[in-house]
Colleague: 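Before anything else, here's the structure in question.
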Amino acid sequence: MISSWWFQLYTKKNLLSSALICPVLILLDLIIPDYLQVIVIPVLGGVFFWIIFKFFNTVTQMRDNYELLLNSFTVKEIIRAWFFHSFITLLFFALILHLSYFILGLTEGMVFLQFQSFIKYFSFPYIYLFFFLLSFIQLLIALNIPKEMERGKKSILSFRSIFGLAGIYISSLINFIVGIVFSLLGFSFSSIMIILGMGIVFSTLSVRTEFLARRTDSLFAFKGTFRGIYYNLIVCIPSFIVAAYLSSLSFENSNLNKEQKVMRYELGSPFVSLDRQSLIDIHPYLDGAIKVSVNFDMNHEFPEFFLENKLMKVLYSHLRYGKPNTDFLARLYDDFEVREEEWKKFKDYPTIRYVAFNAWPGSEELPERFIKQKKSLRDPATKED
Amino acid sequence: MKEIKLKNIHKSFNKRTVLENISLEVPQGKFCTLIGCNGAGKSTLLRVIAGLEKCEKGEVSTFGEDPTDLKFKHKKEFFFIHEGYQINHDGTLLDFLKIYRTIYPHWSNSTFNKILKERKISLKKKYSSLSRGQRMQFFIMVALAANVKFMLLDEITSVIDIEGQKFYLDLLKDYTRNGGTVLITTNILSDLNTYTDHLFLMQDKELKIDAPVADMAEMFVILKENFHHKVFEREDIASIGKDRDGKSLFLISRKKIQDTENIEGLLTGYKPSLEDILILYFKLKEGILESEELAA
């Protein structure tokens with residue numbers, strides 16, 4: 001399969017482009033200083049769209065080369081090639097994206113946190129919606145074929161196949177939306193259906209029908225690809241927001257188990273404020289989330305809350321991005337001394353301690369009993385001898 | 001079984017008929033030339049044979065199967081080259097070559113390398129940087145090395161340089177001598193005069209001539225000017241130029257003059273070329289006389 005013509009001609013370059021994600025992200029992690037982390041998301045977005053562009057550019061290429069391909073291959077071979085090409089490219093793309101995610105996870109740097117939020121809140125739902133919508137547009141165009149069919153192109157596409165494809169897409173759409181809100185299994189299944197369905201639609205409609213290929217010039221031409229992305233962004237972003245909102249509404253259902261809560265929180269987090277119990281329930285699944293929105297005042301909590309429920313990331317987030325008051329901090333400093341052995345069980349303890357002492361407001365004077373403690377602090381980022 | 005056989009085919013685009021009731025069989029192992037005016041339907045005919053266009057009526061048989069059928073099995077047995085290939089790929093010729101090598105089961109590296117050496121074409125060049133003529137040459141090289149059973153060539157001579165034209169036409173002639181079949185379209189018959197074994201002429205959507213060139217030459221005689229002779233008063237005679245002595249030459253059907261007396265002194269012994277025959281044909285076509293000998 002790997003030495004096949006379609007792999008050599010189209011897939012290989014797509015895979016190489018996708019593989020660029022990993023080094024780009026790691027490079028960013030290494031070279032970008034903390035204060036410039038804000039540029040990470042736009043850069044990631046650029047890489048992501050470039051990959052998408054490369055992918056759709058091969059659609060254009062394959063369409064343009066249709067006659068040349070038809071010179072050497074049957075329509076059946078071209079359809080099969082396109083299907084495998086689409087499937088392998090998308091699979092590889094998803095693998096690389098996840099691989100980058102895990103590699104960066106090891107570094108636990110800011111890039112990882114940014115990347116995680118990028119993936120969770122933007123890219124994955126967007127990828128599927130994007131593919132779906134683009135394919136759906138093609139399907140709508142294909143539905144206009146009957147006039148051409150009357151003119152003697154009956155062999156090109158039958159009504160049965162059009163309605164079969166429409167069925168696949170409508171069911172995938174329903175499954176996708178339902179899957180987002182209700183189950184991980186449904187979400188995964190519909191995602192696979194959308195990827196497979198996309199392969200079928202592209203191969204059947206774009207490649208098989210020369211007529212359609214001519215009609216979709218503006219959609220798949222070089223400039224058309226960007227136009228397509230632009231139009232789909234307009235549709236996809238509101239779709240995503242609606243899906244996230246629906247997800248957040250169902251989050252408040254008290255009958256949900258932990259896994260269901262995590263699923264809904266992952267998509268609906270921009271609209272969800274966690275209550276105390278939900279935070280305890282789902283925090284192990286939210287490792288690395290930059291900022292968790294909660295509907296209770298964390299300054300009222302005692303160190304036991306974080307220690308017993310192992311909420312180190314949450315505590316870090318509150319110290320770094322929240323507004324810890326002096327009472328909260330004083331309780332924490334005392335607890336560091338009283339239960340030092342327990343705190344030390346957590347590998348993040350040196351970082352948390354360092355961040356906690358740096359979080360003391362500059363306008364307030366640090367009580368004398370903590371000054372000695374602060375002086376003994378070492379920046380965990382600096383290597384110990 | 002004939003490789004290419006068309007029977008009563010009709011093809012139209014948006015109610016504009018391009019091919020009407022065309023029937024033909026392409027003789028195997030011959031260099032066949034298809035000529036006709038612009039818009040006569042030559043390219044469409046080739047596309048029909050290659051399976052790129054479907055006809056509304058009639059039967060198209062390429063290796064005994066309909067080439068537009070999804071299960072058509074003979075894609076690797078012929079090669080269609082036309083000027084209109086729009087290839088969108090930034091690969092080099094070597095990239096394409098690697099792919100073609102794996103596609104065609106009878107690929108000959110030695111043939112390809114031999115032509116490559118002769119024509120001094122660099123495989124490192126990107127396909128997109130090549131001129132139309134160079135692209136055409138590359139595909140002819142591929143087709144020859146692929147050892148396919150027949151080739152369909154649409155207007156290739158108009159874009160290849162003069163030296164290249166002769167080079168490739170010689171190779172194509174050798175290819176037919178080795179059993180391959182060539183069906184080539186052109187508007188400039190003089191390019192293919194000496195290569196053609198079989199001539200097809202399309203006019204007004206129909207096939208007007210379908211005949212072996214050798215037979216056609218036997219059907220006509222070339223006469224030397226002598227205006228005192230009554231044969232030159234006939235309307236079914238055409239002037240085709242002058243000989244070295246400046247005497248005008250005329251072409252006429254051998255059959256038409258077999259009963260005419262005293263023409264011995266007028267016969268030249270020259271063999272008429274395809275162009276000569278076509279000059280007469282077009283004169284006949286103008287409605288002065290019927291063209292029995294040339295009817296398809």
Side-chain angles (χ1 to χ4, degrees), chain A residues 1-14 16-17 54 56-81 147-158 161 203-204 207-211 213-214 217 220-222 225, chain B residues 10-16 46-47 50-58 65-91 94-105 107 127-128 135 138-139 142-143 146 148 151-152 154:
Chain A
M1 188 191 287
I2 298 304
S3 61
S4 300
W5 60 271
W6 51 266
F7 187 86
Q8 298 294 333
L9 210 52
Y10 303 107
T11 321
K12 202 160 80 175
K13 286 189 177 173
N14 269 13
L16 289 173
S17 309
K54 290 293 282 183
F56 283 100
N57 198 30
T58 53
V59 179
T60 313
Q61 284 186 335
M62 212 154 179
R63 197 278 322 277
D64 286 353
N65 303 345
Y66 178 71
E67 286 220 340
L68 182 76
L69 296 176
L70 211 53
N71 194 12
S72 303
F73 307 103
T74 61
V75 172
K76 217 172 172 181
E77 284 173 304
I78 297 172
I79 291 172
R80 199 187 304 141
K147 281 179 193 169
E148 293 297 316
M149 290 170 78
E150 286 166 16
R151 291 175 193 158
K153 297 211 171 195
K154 284 179 186 168
S155 69
I156 286 173
L157 199 71
S158 70
S161 55
S203 55
T204 312
V207 182
R208 185 167 165 181
T209 62
E210 197 192 346
F211 153 74
R214 283 178 191 156
D217 264 5
F220 289 118
F222 194 80
T225 305
Chain B
H10 286 254
K11 173 73 192 165
S12 56
F13 293 108
N14 298 326
K15 294 179 184 172
R16 187 175 62 86
L46 258 55
R47 290 174 64 80
L52 299 178
E53 299 290 349
K54 198 167 175 67
C55 294
E56 292 93 54
K57 286 184 201 164
E65 289 181 21
D66 178 358
T68 57
D69 194 302
L70 290 181
K71 292 172 185 167
F72 181 67
K73 295 187 199 82
H74 305 282
K75 281 280 178 185
K76 317 285 187 289
E77 291 173 39
F78 68 93
F79 209 98
F80 178 29
I81 303 172
H82 63 86
E83 210 191 333
Y85 275 143
Q86 289 184 344
I87 298 177
N88 178 354
H89 198 274
D90 56 355
L94 191 63
D95 294 334
F96 280 97
L97 181 63
K98 280 178 189 168
I99 293 160
Y100 276 118
R101 267 183 204 157
T102 60
I103 296 172
Y104 288 93
W107 180 269
Y127 180 84
S128 52
R135 289 177 184 190
F138 174 70
F139 281 117
V142 169
V148 288
M151 282 188 220
L152 302 169
D154 191 9

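Remember, it's a predicted structure, so these values are computed and weren't measured experimentally. Note: hydrogens, waters and symmetry copies are ignored here, and every other heavy atom, side chains too, is used.
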Colleague: Select one option (side chain, backbone, both, neither) describing which atoms of B/Phe96 are under 4.5 Å from chain A's heavy atoms.
Modeller: side chain
Colleague: Please rank B/Phe72, B/Phe80, B/Phe78 by heavy-atom pairs under 4.5 Å with chain A and give me the top one.
Modeller: B/Phe80
Colleague: Treating B/Lys75 as the side-chain partner and A/Asn71 as the backbone partner, does any N or O pair qualify as donor plus acceptor under 3.5 Å?
Modeller: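 Checked: no pair found.
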